[in-house]
Trainee: 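One structure follows; several queries about it will come next.
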Amino acid sequence: MKQFDYVRPATVTEAVAAAAQPGAVYLAAGTNLLDLMKGNVTRPDRLVDVTHLDGLDGIERLADGSLRIGALVSNADLAHDGEFVKAYPAVAEALLSGASAQLRNAATVGGNLLQRTRCAYFYDTASRCNKRAAGSGCDARDGENRSHAVLGWSDRCIATHPSDFCVPLLALDAIVEIEGKNGRREIALDELHRLPGNTPENESALEPGDLIVAVRLPPAARGFAAHARYLKVRERASYAFAIVSAAAALRIENGKIAEARLALGGVAAKPWRARAAEDVLKGVAPSADAFQEAAWRALTDAKPSGANAYKIELARRIVVRALTLAAAGTPARIPALPASPFASTSGAIHA
Amino acid sequence: MPELNLTSAPAHLRHGSSIGQPLTRRDGVLKVKGQATYAADNHPPGMLFAVMAVSSIAHGRVSSLDVAAAKRHPGVVDVMTPDHKPELAIDPEIKTNPFVFRMEVLQSNEVRYANQPIAVVIAETLEAATEGAVLLAPRYETLPPLVGLDAGKSYVPPVVGVGNPSEIHRGDVAAGLAAADKQIDATYETPAQYHNAMEPHAIVADWNGDHLQIDMPTQGLMLSLGRVAELFGLAPDKIHIRSPFLGGGFGSKGLMAGPPVLGIMAAKLVGRPVKLVLRREQMYGPVGHRAPTRQRLRIGADAEGRLTALDHHARTVSSTFDDFYEPAADASHTLYAAPAIRTSHDAVRVNTGTPLFMRAPGEATGSIALESAIDEMAWACGMDPLAFRLKNYAEVEPITGKPFSSKALRACYDQGAARFGWAKRTLQPRQMRDDAGLLVGWGMGTATFPALMFQAEARAAIRRDGTGAMEIGAHDMGQGAWTALAQIAADAVGLDIDRVTFKAGTSDLPDAGIAGGSAHTATAGAAIHSAGAAVIAKLADLATNDERSPLYGAGNTGVIARDGRLIRRDDEGRSESYTEILARAGIAEVEARGTGAPNPAAMEEYAMHAHGAVFAEVKVDPELGQIRVTRMVGAFAAGRIVNPHLVRSQLFGGMIWGMSFALHEEAITDRRTGRIMNADLGEYHIPVNADVPPLDVITVEEHDPHVNALGIKGVGEIGITGSAGAVANAVWHATGVRVRRFPIRIEELLTGR
Ligand SMILES: Cc1cc2nc3c(=O)[nH]c(=O)nc-3n(C[C@H](O)[C@H](O)[C@H](O)COP(=O)(O)OP(=O)(O)OC[C@H]3O[C@@H](n4cnc5c(N)ncnc54)[C@H](O)[C@@H]3O)c2cc1C
Ligand code: SF4
C-alpha cells in the first residue's frame with residue numbers, strides 16, 4: 001500500500017484543520033475507504049481518523065421533536081435502537097437490508113452517507129473513469145452497465161449512489177450537520193449528493209475539511225411511522241446492493257393520504273426523491289390506481305443509460321409495491337429479511 | 001511379502017466398525033481454534049513477502065516497467081521480471097505430460113490474458129511489496145483482445161475434458177429427429193465461473209542449498225512435486241511439500257499453476273524464504289476457471305414421450321496458448337435412453353487464462369442444459385417431468401450400451417419425490433402460489449457423475465504395542481479426508497480409529513494420486529484398504545505358521561482382523577492379539593504397502609456412475625422477479641458411504657453450488673478489454689446463508705461390487721449436477737418463463753412474459 005500519514009485528532013476543530021490539507025481524507029470505520037485504498041482507487045496522503053472524537057456517537061431527541069444522530073453512530077446501533085425503530089421504521093429497515101451484520105457493526109452514519117459508487121469501472125483502475133480521474137472518460141458508458149443509472153445521469157457518468165440508508169432519510173427530509181473551516185452549517189440531505197453533469201468527480205456539496213457531525217430528522221418525520229416501508233430488489237436474498245429500491249412513507253388521515261413521501265435508490269448518482277409522485281398521492285385514498293399513477297410520475301424522466309431499460313420498469317413496480325406495503329401498515333417488527341420481497345408480504349401482492 | 005492389489009474383498013478383512021460411522025471431522029477442533037496450519041500461516045525465519053504485479057490488458061506486451069521506482073520504495077528488496085529472474089531448467093511451455101498446465105512465469109513480455117503475472121516484487125513487508133507492485137506502473141503495447149464465444153473462427157478440439165473424444169455418436173440422430181412427434185431445439189448459455197476457494201493460492205518457499213521446502217495447498221502432491229522437480233532441475237527427493245489442509249480447491253489447486261512457481265523463483269532469486277499469496281482478484285486469471293458455453297440441444301420424442309434422438313452440441317473457449325475444453329455435451333451420454341445420441345463440441349480461442357476443471361467440469365455445465373431441455377420436452381409431451389424421466393430411464397448406458405455396475409437411480413427418484421411431495425405438483429406452470437401471493441415452482445433434475453479411480457499407494461504398519469499406522473500423501477481440501485480415510489485405515493488394520501496413527505498431506509508419503517474427479521476417497525481408500533490387508537496378511541502368516549499360536553493352521557480358512565486381534569474365521573473362539581503375535585515373533589512391527597487403481601476389466605464391462613435426483617422449490621415475486629429457493633431435496637446413490645456426516649456435507653455443498661450455478665455465479669467480462677469486472681466476492685455472487693434453503697439429503701443404499709474393493713463411488717461433485725437444472729426448471733414452473741441463459745436474471749423474468 002501507498003504510505004500515508006495517519007492522524008488522530010483530539011477535537012473536531014483539529015480534525016477539520018487536519019483534513020483541510022490537500023490529499024487528506026477522513027477515516028471512519030473504513031469499510032469503504034480502506035477497500036478503495038487497497039485497490040488503489042483512492043490514494044490519500046493522510047488519513048484523519050475521526051472514530052475517537054467525542055460526542056459524535058449519540059442519538060438524541062431534541063426539544064422540537066427532531067432526532068439528531070451523531071455521525072459516528074454505527075449502522076447496527078442505530079438500526080437496533082428501539083426508539084429509533086419505532087419512530088422511523090423504514091430507515092431501520094433500510095439499514096438492516098444493507099451490507100452484512102459484520103459491516104453494519106462497523107460502518108458509521110457519516111461513512112454510509114459518503115460511501116462511493118459501486119461502478120465496476122470506478123473500481124478498476126485500468127478503466128477510464130471521470131469520477132476517479134476527472135476528464136479521462138467513462139468506460140461504463142459502453143460497457144457492462146446493466147446496473148447503472150436511469151435518472152439524472154450524464155454522458156460523463158452513469159454511476160449510481162449505492163446507499164440504502166440514504167433513501168428513506170431523503171424521503172423524510174433529513175438534514176446534514178457539517179463542521180467546516182468556517183464553522184457549523186447544515187444542508188438538506190437532498191443537497192449533499194450531486195448529479196454528475198459535467199463534473200462527476202464533484203460528488204458532494206462538501207468542501208475540503210468538511211466533517212459531517214450529525215444527521216437530523218425533522219419533527220415531521222415521525223408522522224409517517226405507521227405507514228413506512230423500504231423495499232429493495234437485489235440479486236440474492238441478502239448481502240447485495242440494490243438493483244432498485246424505494247422508501248415509501250404515508251401519513252394517512254381519515255382513509256386519505258394526507259402526505260406521501262417517496263424516494264428511490266439505485267437509480268441515480270444520488271438518492272432520488274420523487275416529488276411529482278408524492279404530489280399525485282396527496283389527498284387521495286390509497287389504491288392500486290393511485291400507486292400506478294405515482295409510479296409513472298416517479299419515472300417520467302427516466303431513460304436507460306445502457307443495457308438497463310429493465311430498471312425503469314422494475315422501479316415502477318417497486319414503487320407500486322412499496323406504496324402498497326406502506327399503506328398496509330408498518331409491521332410490528334422488522335421482518336427477518338428486511339426490505340426483501342420475501343419479507344412476509346401477506347396480501348400485498350396482486351398479480 | 002510383495003505389495004497386494006485387491007479388487008475384491010480379501011479373505012483377511014472385514015468392514016463395519018469405523019466405515020459407515022458418522023464421525024465429525026477429526027481436524028475440526030484444530031480448525032475452530034485456528035491451529036490448523038494452512039500454507040500461508042507458515043513464517044520461516046527471514047521470510048520475505050512477494051506480490052505479483054498483474055497485467056491489466058488481455059493481449060499485447062509489456063513495454064516498460066518502472067523497476068527503479070519500485071526498488072526505491074522502502075522495504076522493497078528486489079523486483080523479478082523477465083529480464084531479472086532465475087532460469088528454469090526447462091521451458092515451462094513444454095508439455096512433458098498431459099497434466100501440464102502452461103503457465104506465465106516471466107518467460108517473456110507477452111501478455112496473453114488479463115491478470116497475468118508480469119513481475120514480482122519482493123519486500124520486507126506485505127505492504128511494501130504491494131506498493132512496489134503499484135509503482136511498477138506498467139506500460140503496454142495493446143493488441144485487440146479476443147473475447148466471448150464468437151471471438152474467432154471455431155474449431156473442433158482433438159479431445160475435451162481429460163482425453164474424451166470431442167464427438168461421439170450412437171445410432172442415427174437425423175433419422176431419430178425426423179421420426180419424432182415432438183422436437184425441442186433450444187440453446188442455453190452458461191457463463192465463465194471462477195473456483196473462488198476461500199483460501200487463495202499461496203506458497204511459502206524456502207531453499208536450503210539445493211533442498212526446497214514448500215508449503216502450498218495442492219490437490220496433487222506428487223504431480224506438483226514432479227512439476228517443481230522438472231522446472232527447477234531438482235531430484236524429487238530434494239523437494240518436500242506440505243499441504244495438510246486446503247481451504248477448498250475445487251480443481252483450481254490440482255495442477256501446478258504459475259503463481260506458486262513464481263514464489264519458488266522469487267525465493268531463489270533473493271536467497272531467502274518467500275511467501276506469495278494471491279489477492280482475490282488475482283485468482284481470476286492464472287489459476288483456471290470454468291469456461292463459458294453455448295449449448296444447443298435438439299431432442300426428439302415419439303407420441304408416447306419416448307426419446308427418439310438426443311443431439312447435444314457445446315461451444316466453449318480455451319486460451320490462446322493452451323487447451324482445456326469443458327466437456328459439456330458429454331453430460332448427455334449416460335442419463336436418458338435415446339436410441340440415437342450425438343454429442344459434439346467446438347471451441348474458439350480467447351484471451352483468457354486457460355480454463356480448467358472446476359467442480360463437476362462438463363457435468364455441471366452440461367447438466368443444467370440437458371436437464372432444462374429434458375424438462376422442456378416433458379412439457380412439450382404434456383408429461384410430468386418425473387414420469388418423463390422414468391419413461392426414458394436408461395437400463396444400460398445409452399452411449400455405450402454397457403450395463404451399469406450398479407444404478408439405484410429409480411430408488412433416488414422414488415425416495416426424493418416422496419420426501420419432496422412431488423405428486424402434488426401441477427403440470428401447468430404459473431399455477432401455484434403461496435399465502436403471500438408469491439409464485440411457487442417445483443422443478444427436478446437428474447444427477448450423475450462418473451465413478452472414477454486413479455492410482456495410489458499407501459503404507460501400513462502394525463506395532464507390537466498394539467497400535468497401527470497408515471501413511472498416504474492424501475489431500476484434505478475440506479471434504480474430510482483426514483477423517484474418512486482414517487476410518488478406512490482403522491478398518492483396514494482391524495483397530496479402533498484412535499489406535500491408528502494416520503499420516504497424510506506431505507510429499508514424503510506414498511503417492512495418493514490427485515484429489516479430483518470425486519475419486520480421492522475411492523482411490524486413496526482402495527490403497528489404504530489393500531495396504532491394510534497386506535499388513536494383516538503378514539501378521540496372519542506369523543500366527544498361522546506358528547504352532548504356538550491358537551491360529552496355527554488357519555491359513556486356508558483365513559482370519560478376521562478386529563479390535564487388535566486376529567480371529568479365526570470359522571471359529572471366533574480362537575484368536576490372538578497383534579501384541580501377542582509380534583511379541584512371540586520378536587518383531588517390533590510389520591509393515592506393508594498396497595495400491596489402489598482402476599480395474600480395466602471391470603471398466604471394460606461396466607459403465608460406472610453415481611446417480612441422484614434433485615427436487616427444488618422456488619418462490620418468485622410475480623411482479624418484481626426476485627427469486628428465492630425455498631426447499632431442496634436430493635436423493636443420491638453413490639455406492640458405499642464411508643461417513644454419512646461428511647457425505648451429507650459434500651452433497652449439501654454441491655446442491656448449494658447447483659443453485660448458485662442457476663441463479664448467481666457469473667464472471668462478467670468487459671467485451672472490449674477482456675478484463676473481469678467483478679473479480680471480488682462482493683460482486684461475484686455466490687449464495688449467502690439467506691439464500692440457502694433447508695436442504696434435505698437422502699443417501700440411497702447402493703452396493704457396487706465392481707467399482708473398487710470398497711464399493712465407493714465418490715460424492716464430491718455429483719451434488720451440483722441435477723441441482724442446477726432442478727432450480728432452473730422450478731423457476732420455469734413458477735413463472736412460465738423459460739430462461740436459457742444462466743444465471744437467471746431478474747430482468748429476464750420481468751420482460752419474459
Ligand atoms: C461487501 C460490502 C457490501 C455492502 N453492501 C451495502 C449495501 O447493501 N447497502 C449499503 O447501503 N451499503 C453497503 N455497503 C457499504 C457500507 O454501508 C459502507 O461501506 C459504510 O456505510 C461506510 O461507512 P464507514 O464508516 O466504514 O466509512 P469509511 O469507509 O470510513 O468512509 C467512507 C467515506 O466517507 C468519508 N467519511 C466518513 N465519515 C465521514 C464524516 N463524518 N464526515 C465526512 N466524511 C466522512 C470518508 O472519508 C470516505 O470517503 C457495503 C460495503 C461492503 C464492503
Ligand atoms: S459511470 Fe461514472 S463512476 Fe462509472 S466509469 Fe463512468 S464516470 Fe466512472
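Being a predicted model, the structure only gives us computed values, none of them experimental. Note on naming: letters A, B, ... go to the chains in the order of the sequence lines (proteins, then strands), and numbering restarts at 1 for each one.
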Trainee: Using ring-ring contact (aromatic ring centres under 6.0 Å, His included) as the criterion, list what pairs up with A:His161, not counting sequence neighbours.
Mentor: A:His193
Trainee: I need the contact set between residues 660-675 of chain B and chain A: heavy-atom distance under 4.5 Å, sorted by residue number.
Mentor: B:His664, B:Ile668, B:Thr669, B:Asp670, B:Arg671, B:Arg672, B:Arg675
Trainee: Taking side chain as everything from C-beta outward and backbone as N, CA, C, O, which of these in A:Ser100 sits under 4.5 Å from a heavy atom of chain B? Side chain, backbone, both or neither.
Mentor: neither
Trainee: Please list, chain by chain and in numerical order, all residues satisfying ring-ring contact (aromatic ring centres under 6.0 Å, His included) with A:Trp153, sequence neighbours excluded.
Mentor: none
Trainee: Would you call A:Leu231 and B:Leu624 a side-chain contact if the rule is heavy atoms closer than 4.5 Å?
Mentor: yes
Trainee: Check each atom of A:Asp35 against the heavy atoms of chain B and say whether the ones under 4.5 Å are side chain, backbone, both or neither.
Mentor: neither
Trainee: Answer whether the closest heavy-atom distance between the side chains of B:Glu623 and A:Ile318 falls below 4.5 Å.
Mentor: no
Trainee: Which one wins on heavy-atom pair count under 4.5 Å against chain A: B:Val688, B:Asn689, B:Thr130?
Mentor: B:Val688
Trainee: Can you measure from CE (B:Met677) to CG (A:Asp139) and round to the nearest 0.5 angstrom?
Mentor: 8.0 Å
Trainee: Tell me every residue that passes ring-ring contact (aromatic ring centres under 6.0 Å, His included) with B:Tyr684, counting only those two or more places apart in sequence or in another chain.
Mentor: B:Tyr284
Trainee: What distance separates B:Asn678 CG from A:Arg118 CZ, expressed to the nearest 0.5 Å?
Mentor: 13.0 Å
Trainee: If you count heavy-atom pairs under 4.5 Å with chain A, which of B:Ile627, B:Val51, B:Leu135 comes out on top?
Mentor: B:Ile627
Trainee: Does a side-chain N-to-carboxylate-O contact under 4.0 Å join B:Glu131 and A:Arg43?
Mentor: yes
Trainee: A:Glu313 versus chain B, heavy atoms under 4.5 Å apart: side chain, backbone, both or neither?
Mentor: neither
